[in-house]
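In the text below, chain A, chain B and the rest are named by the order of the sequence lines, each starting its count at 1.
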Amino acid sequence: MDEQLIQTITKLVVEKLQTSENETKQEVPVTLYSREAKGVLTETSEEHKAAGEVTFHQTADQKPPGKKRQRLEPSPERTQEEELVTDLQAKTPARIAVGRAGSRPKTNTWLQFRLDHAAAVDAVYGEVPDELMNKLDLFQVSTRVKDKEEYIRRPDLGRKLSDEGKELIKKRCQSSPAVQIVVSNGLSAKAIEENAEDVYLSLVQSLNNGKVETGTSFYVDKGRVALMDEIGEILQPDVVILLIGERPGLVSAESLSAYLCYKPRIGTIEADRMVVSNIHKGGIPPVEAGAYLGTLIQKILKYEASGVSLVKREG
Amino acid sequence: MAGFQSKQETIISAGIDIGTSTTKIIISRFSLMNTAGSTHVPRIEIVDKDILYRSPIFRTPLKDTLTIDTAGVEAIIRSEYEAAGVQSADIETGAVIITGETATKQNAREMVHHLSGEAGDFLVATAGPDLEGIIAAKGSGAYAYSVQTGKVTANIDIGGGTANIAVFKREKLLGTCTMHIGGRLIEFSEGAVQSISAPVRALLHQQGWTLKTGDAAAHPDIENVTSFMAESLARILAKKASPADAPLLLGHEPNWDGVVEVIMFSGGISECMYAQEAPAVTDISYSDIGIKLADALQENKALTDWAWIEPDETVRATVLGAGTQTTEISGATIQVASGELPVKNVPVYKFSFKEGLEEGYSRFEQSVKEAIDIYDSFQEGQNFVLYVADLPYMGFKDIQRLAQEITSVMELRHDPDQPMILVVQTDHAKVLGQTLHAMAARQSIICIDQINVDHGDYMDIGRALQSEVVPVVVKTLTFHSS
C-alpha cells in the first residue's frame, strides 16, 4: 500500500468519527440488569427524631486499634490443590492462578503487569551503551531510519543501510568471509546490553574451535532482520548471523534472537532464514546459545543451506 | 510438507532382570524427537516407548544357591534375542539388573564381564536393593499411579528373596526399605522342608519356633513364619518397626516422611495374588512358601486397612522398569569426544556452587582431592564424574574461569590422561566443553548436562546418537532430593 492511500483512508476514518460524534446519539436500549425489584422487600419506617439532632456516621471501616493485619502463613501441610497450583505455576512464566478481586486483578498482579509493560516500553526506546561496543570492538553504522518513531512506523527503512553505513562497511570489513557477525538493537536495546557480550564471545570461541573464518563484526543501530540481505550483497559472506533484540513481551523484555542465513542476498526468501530465539537469563543461557550457534553455523556451511532448505538437505 | 516434520530417531533398549528365582527379558523401542519449537534450541526427549518382545519367565540358572550360572544366562539371552528378532549390535541402551539375594558383587562382576560382549553394547547395572525397589515401582505402575493421583503410594515388590519397598508421592521418591520376605526363603522337596535361609533361621530362633530342614511341608511353624512376615511388613509400612522385626530387615529402616495411603504389590508373589500371566507362562512349580506367603499377606488384617491397587505388571515389573525406565537422555547441546564412549560404572562426585563462585573455588581443589581419595583409594586411576551443581547465572568470563579451575583440578588425578567426565546441572555443557577445548586441554572431554544425578550415584554414558544426544543410565544409591 502506498502512503498516499493510507493517508486518504485515515482521513476518511477520522472524518467519519467526527461526524458521528456530532450527530445526536441514539440511545440503544441495553439491559444490563433487571429494572424490576427482586427478592423480598421490607419497608422500614423512618424513625422520627427531634429536629436538628445531629447523628454521626462512620464513613470508613476502622480497623480495631493495635491489631495488625494478619498475614496468612503457609500452613506446613499444604492441601493438594495448593500443591497442584504451585506445580502448574512452576511450569510456565504466564500469570496463571493469580487470583482476583471481584472482576479485576489483585493490586500486586496489576502492579507487576504495569511494571513488566513499562520495562517492555523502555527496552524499545532504550539505547545500547557505547562501552559495550568498545568492549567487543564493534564499530557502528546506522540504517535509513532517523529516529525511534520512524523506526517503528517504517520497517522498510530499518532494512536498508544508510549511504555512509554502506561506505563504512565496504571500507572497514573484510570482504567475502565465511561468517559475518552483525549485532543490532532491533526492538530491544536491553537484550543487547544483557546478552550480546556472552553470546558473541562464546560464538567467536566456538567458530575459532571449528577453524571457521569470521569477518569484521559490526553494530547496526535500529536494524531489522532483513537487513542481512543488503549486508550479504555488499560483503558477500557465506553466512550472516544477526544478533538482534526481540520485540519485548511481558515475560521478558531482554530476549535476544539470532537470525542465520546462508548467502543472504537481495531477494532472499524468508524460508531460507532461520532463527534461534529466547536467548536470555530465563531462556537458553546466552553462553550456551553462543556455543550452539557456532556448531549450527558449521552445519549450515557443511550443507550450504539454511532454513527450510537445510532441513530438506539434512534429510 | 514432509520436510517440516520433526525427525524421529529410534533406539532399541533391552531390560534383563536376573532375580533369585526367575530371569526375564524385555525388548523395547524408544522414539526420540525434538520437542522444542522450531525457533528454539533443540530438546530431545523420549516421546514413545513400544514393547517389542516379552520373554517367557525362566528359572534363573544357578550353580549353587547364590552363584549365577553365567553361561546359562547367556544361553537364555541369546535364544531370546533370536526369538525377538534382534541382533546384539542393535541394542543401544537398557540395563541388566541382578536382583534379590543373587545380587552379589561376584555375580555382578562375572555378569558384566560376560555380557558386555554377548548381550550388546548396553549398560549393565547391578542394582542395590533401593534401586530395585524404585525400578519395580516404575515398572508396576505404582509410580504412574502416584503421579496421577498425588497419593502417597508404596510399591512392594516381593520376589524369591527380598521385598523391596519404594514410596512415591507424585514424581518424588519419599523413601525405600528392603526386607527379607520372599517365596524362596523356605524351600520344599518331596513334601519336606529342604532349606531354610539365614534370615528365617534367625527369626525362628528369636521366636523360639522349632522348624528345621526335613520337617513336613505342612509344619505349623511355616504358617507362623508367613503370618509374621505379613505382620512385620504392615509394621514397616506404618513405620512402627519393633525390635522383633530386626531379623527381617535388610539394611536401613523405613526412611520416608508422610503416611502411606495406597499400596501395590508387584513381583512373583504378586503374581500368586493376581494371576495376570497366562497359565502356560507361570506353570513352573516353585515348591517354596510363595503361595502361602501371598495368602498370608492377603489375609493380614493390618495390611487390608490400606487401599490395594492392582499393579499393571506383576512378576515383570522389575524387568519392565529396567528396560524402559532406566534410560535418560542428555541435553541436546553437549560436547562429547565420541571415541571415549561408552563409559560404564563411573561414580559421581557432586560439587555445589551454592555459596557462590568465589567461595566454591576456594574449596574446589580440596573437595576434588577428597573425591580422588574416595573413588581412587588404590590409586589405580579409577575415573569419576564431576557433577557441577548449583551454578549461579554464568557469563562468558565466568565459564572461562570455571574451565580453568576444572583443568587444574583434573591434573590431581592419579591418571590425569583419562578423559574429563563432567555433568553440569544447568544448561552449560556445550560452552564449557568448547571452552575447555579452546584452552587446549590435553584430555578428551565428555561434558553433558540436564541429567538428574547425585553424589554417590554411578553412571553409564552410551554412545552419541544421531540427534547428538547421549543415553545415560544413572544408578541411584542415594535419594534424589527432587
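- Counting non-hydrogen atoms of neighbouring residues, nucleotides and ligands closer than 6.0 angstrom, the CG atom of A/Asn134 exceeds 12 such neighbours.
- A/Asp198 places a side-chain N or O within donor-acceptor distance of the main-chain N or O of B/Phe396, the cut-off being under 3.5 Å.
- In terms of non-hydrogen atom pairs under 4.5 Å with chain B, the most contact-rich of A/Val275, A/Asn208, A/Asn209, A/Leu84 is A/Asn209.
- Between the A/Ser277 side chain and the B/His40 main chain, no donor and acceptor come within less than 3.5 Å of each other.
- The number of heavy atoms from other shown groups lying within 6.0 Å of CD (B/Glu411) is above 12.
- For chain A, the nearby parts of B/Thr435 are the backbone and the side chain; heavy atoms of each come within less than 4.5 Å.
- To the nearest 0.5 Å, the span separating OG on A/Ser202 from CE on B/Met394 amounts to 12.0 Å.
- Annotation for A/Arg247: atom CZ does not count as buried by contact number, only 12 or fewer foreign heavy atoms lying within 6.0 Å.
- Within residues 287-305 of chain A, the residues that have a heavy atom under 4.5 Å from a heavy atom of chain B are A/Val287, A/Glu288, A/Ala291, A/Tyr292, A/Thr295, listed by number.
- When the shell of 6.0 Å around CD of B/Glu45 is examined, it contains more than 12 heavy atoms from other residues, nucleotides or ligands.
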Give the C-alpha distance, both sets of side-chain angles, the deciding distance and a yes or no for side chain to side chain contact (heavy atoms under 4.5 Å, CB included) between A/Gln205 and B/His437.
CA-CA 10 Å; A/Gln205 170 179 277; B/His437 185 75; over 6 Å; no

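- Counting heavy atoms from C-beta outward, A/Asp87 and B/Arg170 have side chains that approach closer than 4.5 Å.
- Only the side chain of B/Asp449 has a heavy atom closer than 4.5 Å to any heavy atom of chain A.
- Atom NZ of B/Lys151 sits in a sparse spot, with 12 or fewer heavy atoms from other residues, nucleotides or ligands closer than 6.0 Å.
- Between chain A and the residues B/Gly37, B/Ala332, B/Gly150, B/Ala429, the largest count of heavy-atom pairs under 4.5 Å involves B/Ala429.
- The number of heavy-atom neighbours closer than 6.0 Å to CD of B/Glu359, taken from other residues, nucleotides and ligands shown, is above 12.
- More than 12 heavy atoms of other residues, nucleotides or ligands shown are found within 6.0 angstrom of NZ on A/Lys281.
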Show your reasoning for whether side chain to side chain contact (heavy atoms under 4.5 Å, CB included) applies to A/Val276 and B/Val41.
CA-CA 6 Å; A/Val276 174; B/Val41 171; 3.7 Å; yes

